[in-house]
Amino acid sequence: DAKTTQPTSMDCAEGRAANLPCNHSTISGNEYVYWYRQIHSQGPQYIIHGLKNNETNEMASLIITEDRKSSTLILPHATLRDTAVYYCIVRFTYNFNKFYFGSGTKLNVKP
Amino acid sequence: EAEVAQSPRYKITEKSQAVAFWCDPISGHATLYWYRQILGQGPELLVQFQDESVVDDSQLPKDRFSAERLKGVDSTLKIQPAELGDSAMYLCASSPRIRDRGQGGYTFGSGTRLTVV
């Protein structure tokens, strides 16, 4: 699976959009981009995933660049409850569904 | 919403003692995973089951760790003997059978926080 690079931490004001970047320059054509988050002392929670096209669900939007070498997770209106560690993972679809987590980005949403 | 159940939530044990963690995946999920998460790091995959069979235990320290899923439903992860370096969060996750899962992610439990003293 391709390696990802994320900033260690980011701050965001409550009510503003949080844009979390991820670099995955070695991604291959059949690898998906997944985002999970982990709120303190809980298990990771699935947020969203995509292959080529931008995706949106009730939690977030995922923007993948045309060359697929990077992506951005967007939380449109961050709340204090969005404070968490966010993991960007790229995964080969049929690699027995395994996810390999890096260290992620700690998002601090401030009042 | 269906959940992955784990117990106990917290466990304190003395080094050299045996300790066990239990996981009950979402009903019908064929694939079950155990992860270990050291404080400040991302989760690390220890073992993966497909039904009752182990499909990947390459990162499991087999001299002291064991995992089983005898009936292909719930699972137990055991450490014997526990060492100070085993202090971590142990997370269980489950997902549908590979051919049935579409492209979705999988669901984690809340974990067991182990402290070895």
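Please read these numbers as outputs of a predicted model, since none were measured by experiment. Here is the naming used below: chain letters follow the sequence lines, and residue numbers restart at 1 for every chain.
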(Q) Is the ring pair B/Tyr33/B/Tyr106 parallel, tilted or perpendicular, if the boundaries are 30 and 60 degrees? (A) parallel

Checked B/Gly111, B/Gly42, B/Pro43 vs chain A; the most non-hydrogen pairs under 4.5 Å come from B/Pro43

Okay, B/Glu44 and chain A: the region with an atom under 4.5 Å from a heavy atom over there is neither

*Give me the ring orientation class for A/Phe101 and B/Phe108: parallel if the planes are under 30° apart, tilted from 30 to 60°, perpendicular past 60°.*
perpendicular

Notebook entry, point to check: Taking atom types as modelled and ignoring hydrogens, do the side chains of B/Tyr10 and B/Arg113 form a donor-acceptor contact shorter than 3.5 angstrom?
Noted result: no

Heaviest contributor of heavy-atom pairs below 4.5 Å to chain B, chosen from A/Gly102, A/Gly104, A/Pro44, is A/Pro44

A/Asn23 and A/Ser25: side chain donor to acceptor below 3.5 Å:
no

Applying a strict 4.5 Å limit to non-hydrogen atoms, the region of A/Gln38 in contact with chain B is side chain

